[in-house]
K.L.:
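First the structure, then my questions, so here it is.
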Amino acid sequence: MSRDLRTYRGYGNRRYSRKVMFFISLAISLCVAGIVVGVIIHDWMGQAKAFSPDGYETAAQVGMLTDTKAGDLWDLDSFSYRLNEKPVVSSKEGTANLRIENPPENQQLMRVTLTLADGTQLYRSGLIKPYHYVEHAALSFVPELGSHEATALIEACDSVSGQTLHTVEKPLTLTVL
C-alpha cells in the first residue's frame, strides 16, 4: 500500500487523505488567527474603549428626592435635572444642601460644578447616574458669612464615553451660615 493511499475515516462512510485533513486544519487555524488579530487591532486602535467608572460621584445615593423642598424639576427637551436654587452652607461643616438629582427618565450621566461670581470653584461632582441624587456636598472652599451669587454648570454626559453632550448654567443664591 502506497503512502498516498492512506486515508482517515471521517463522518459516515467518507474517507479523507492526510493532505486534505492538513489543508482543512490549516484553513481553520488561519481563520482563528485572523479573528484574533482583528480583535487586537480593533482594541489597539481605540475603537472599543469604554468609559471608566472611576469618575462616578461617590456621595450619590440611589433614588429620587421626594419631598417638597427638593426644588423644581427642570426639563430641557431630553434632559431633566433637579437642583436647589437657594442652597445653605454650614460654615462649620463646609457642606451645602445642593440637592442634586439626576431623574430616572434621563439616559445621560450628569455632572455639576458650582462657582462663585468671581470664578472661584466651590464644588465639582463626579458623574451622577440616572436615578441617583446628592443631598449634601462638601465644598472645596467656604465663602465668608452671608449671601453670595453663584452659578451651577450642569453637564449632560454620554453614558458610554463620559464626554459632555450639552451644558446649562443655572444661577443660584448661596447662603453661608
Side-chain angles (χ1 to χ4, degrees), residues 38-177:
V39 167
I40 290 171
I41 288 174
H42 186 271
D43 287 344
W44 181 70
M45 297 295 283
Q47 299 297 319
K49 290 183 181 175
F51 172 69
S52 168
D54 296 337
Y56 287 131
E57 175 62 48
T58 56
Q61 300 174 29
V62 176
M64 297 175 18
L65 296 168
T66 55
D67 61 359
T68 57
K69 295 187 254 177
D72 294 328
L73 185 63
W74 299 93
D75 190 3
L76 305 170
D77 295 329
S78 64
F79 182 75
S80 302
Y81 67 92
R82 184 171 278 149
L83 179 67
N84 187 357
E85 293 181 50
K86 296 182 179 182
V88 176
V89 178
S90 167
S91 60
K92 292 180 182 177
E93 298 173 9
T95 60
N97 65 336
L98 295 179
R99 302 183 60 83
I100 303 164
E101 180 184 345
N102 191 356
E105 62 268 11
N106 281 343
Q107 299 297 313
Q108 299 93 5
L109 300 169
M110 180 174 128
R111 179 183 294 126
V112 176
T113 305
L114 182 65
T115 56
L116 289 175
D118 66 3
T120 304
Q121 182 173 311
L122 302 177
Y123 172 75
R124 181 170 171 88
S125 73
L127 292 168
I128 303 169
K129 298 175 187 177
Y131 195 61
H132 283 71
Y133 68 94
V134 177
E135 181 79 30
H136 291 87
L139 303 181
S140 57
F141 172 77
V142 178
E144 57 190 52
L145 298 176
S147 292
H148 302 275
E149 296 303 314
T151 302
L153 176 69
I154 296 106
E155 301 173 65
C157 302
D158 183 71
S159 60
V160 176
S161 67
Q163 293 181 346
T164 301
L165 300 174
H166 55 271
T167 62
V168 64
E169 290 186 0
K170 184 76 177 159
L172 305 174
T173 302
L174 195 69
T175 305
V176 182
L177 302 176

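Throughout, numbering of the chain's residues begins at 1 and tracks the sequence. Just so it is clear, the values below take in all heavy atoms, side chains as well, and ignore hydrogens, waters and symmetry mates. Keep in mind that this is a model prediction, so the values were computed, not measured.
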K.L.:
More than 12 heavy atoms of other residues, nucleotides or ligands under 6.0 Å from CD of Q121: yes or no?
P.N.:
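Enclosed: over 12 neighbouring heavy atoms sit under 6.0 Å from CD of Q121.
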
K.L.:
Is the closest side-chain heavy-atom distance between L127 and S159 below 4.5 Å?
P.N.:
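Side chain of L127 against side chain of S159, heavy atoms only: no contact under 4.5 Å found.
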
K.L.:
Please confirm whether the backbone N or O of T120 pairs with a side-chain atom of D118, one donor and one acceptor, at under 3.5 Å?
P.N.:
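Here the side-chain-to-backbone pair exists.
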
K.L.:
Hey, are the side chains of E144 and V176 touching, using non-hydrogen atoms and a 4.5 Å cut-off?
P.N.:
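No, every pair of side-chain atoms sits at 4.5 Å or beyond.
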
K.L.:
Apply side-chain hydrogen bond (donor to acceptor under 3.5 Å, both in side chains) to T164 and list each qualifying residue two or more places apart in sequence or on a separate chain.
P.N.:
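Partners of T164 by the side-chain hydrogen bond (donor to acceptor under 3.5 Å, both in side chains) criterion, ordered by chain and then number, come out as E155.
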
K.L.:
Can you name the side chain to side chain contact (heavy atoms under 4.5 Å, CB included) partners of E149, sequence neighbours left out?
P.N.:
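For E149, the residues satisfying side chain to side chain contact (heavy atoms under 4.5 Å, CB included) (neighbours in sequence not counted) are T173.
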
K.L.:
Quick check: does any side chain N or O of D158 sit under 3.5 Å from a backbone N or O of Q163, one acting as donor and the other as acceptor?
P.N.:
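A pair under 3.5 Å: no.
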
K.L.:
Is any side-chain heavy atom of L165 closer than 4.5 Å to a side-chain heavy atom of C157?
P.N.:
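Heavy-atom side-chain distance check fails, nothing below 4.5 Å.
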
K.L.:
Under the side-chain contact (heavy atoms from CB on, under 4.5 Å) criterion, do K170 and I154 qualify, and how do the steps go?
P.N.:
CA-CA 8 Å; K170 184 76 177 159; I154 296 106; 3.8 Å; yes

K.L.:
With sequence neighbours excluded, what pairs up with S90 under the side-chain hydrogen bond (donor to acceptor under 3.5 Å, both in side chains) test?
P.N.:
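If we apply the side-chain hydrogen bond (donor to acceptor under 3.5 Å, both in side chains) test to S90, skipping adjacent residues, there are no hits.
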
K.L.:
Could you grab the distance from atom OG of S80 to atom CD of E101, nearest 0.5 Å is fine?
P.N.:
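Spacing of OG (S80) from CD (E101) equals 9.5 Å.
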
K.L.:
Working to the nearest 0.5 angstrom, can you tell me the gap between N84 CG and I100 CD1?
P.N.:
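With rounding to 0.5 Å, CG (N84) is 9.5 Å from CD1 (I100).
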
K.L.:
Using 0.5 Å steps for rounding, measure from the CG atom of L174 to the NE2 atom of H148.
P.N.:
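Reported value, rounded in 0.5 Å steps: 6.5 Å.
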
K.L.:
Rounded to the nearest 0.5 Å, what separation is found between the CG atom of L153 and the CG atom of L114?
P.N.:
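One gets 10.0 Å once the value is rounded to the nearest 0.5 Å.
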
K.L.:
For side-chain contact (heavy atoms from CB on, under 4.5 Å), just list the numbers for L122 and T115, CA-CA rounded to whole Å, side-chain angles, deciding distance to a tenth of an Å, and then say yes or no.
P.N.:
CA-CA 5 Å; L122 302 177; T115 56; over 6 Å; no

K.L.:
Taking only residues two or more places apart in sequence, or in another chain, which ones meet T113 in a side-chain hydrogen bond (donor to acceptor under 3.5 Å, both in side chains)?
P.N.:
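Result, side-chain hydrogen bond (donor to acceptor under 3.5 Å, both in side chains) vs T113: R124.
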
K.L.:
Run the side-chain contact (heavy atoms from CB on, under 4.5 Å) check on V168 and Y81 step by step: do they pass?
P.N.:
CA-CA 10 Å; V168 64; Y81 67 92; 4.0 Å; yes

K.L.:
Kindly determine whether L177 and V89 satisfy side-chain contact (heavy atoms from CB on, under 4.5 Å), including the steps that lead there.
P.N.:
CA-CA 6 Å; L177 302 176; V89 178; over 6 Å; no

K.L.:
To the nearest 0.5 Å, tell me how far K86 NZ sits from S147 OG.
P.N.:
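Answer rounded to 0.5 Å: 9.5 Å.
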
K.L.:
Under a 3.5 Å distance rule, please check whether N97 uses its side chain to pair with a backbone N or O of H136 as donor and acceptor.
P.N.:
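A pair under 3.5 Å: no.
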
K.L.:
With a 4.5 Å heavy-atom cut-off, do V134 and Y123 have their side chains touching?
P.N.:
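In short, these two side chains touch, coming nearer than 4.5 Å.
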
K.L.:
Could you measure the distance from the NE2 atom of H132 to the OG atom of S125? Nearest 0.5 Å is fine.
P.N.:
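Going from NE2 on H132 over to OG on S125, the span is 13.0 Å.
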
K.L.:
Where the side chain of N102 meets the backbone of Q108, is there a donor-acceptor pair that is under 3.5 Å apart?
P.N.:
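Answer holds: yes.
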
K.L.:
Mind listing the closest non-hydrogen atom pair of A152 and L172 along with its distance?
P.N.:
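Scanning both residues, the minimum pair turns out to be CB-CD1, 3.8 Å.
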
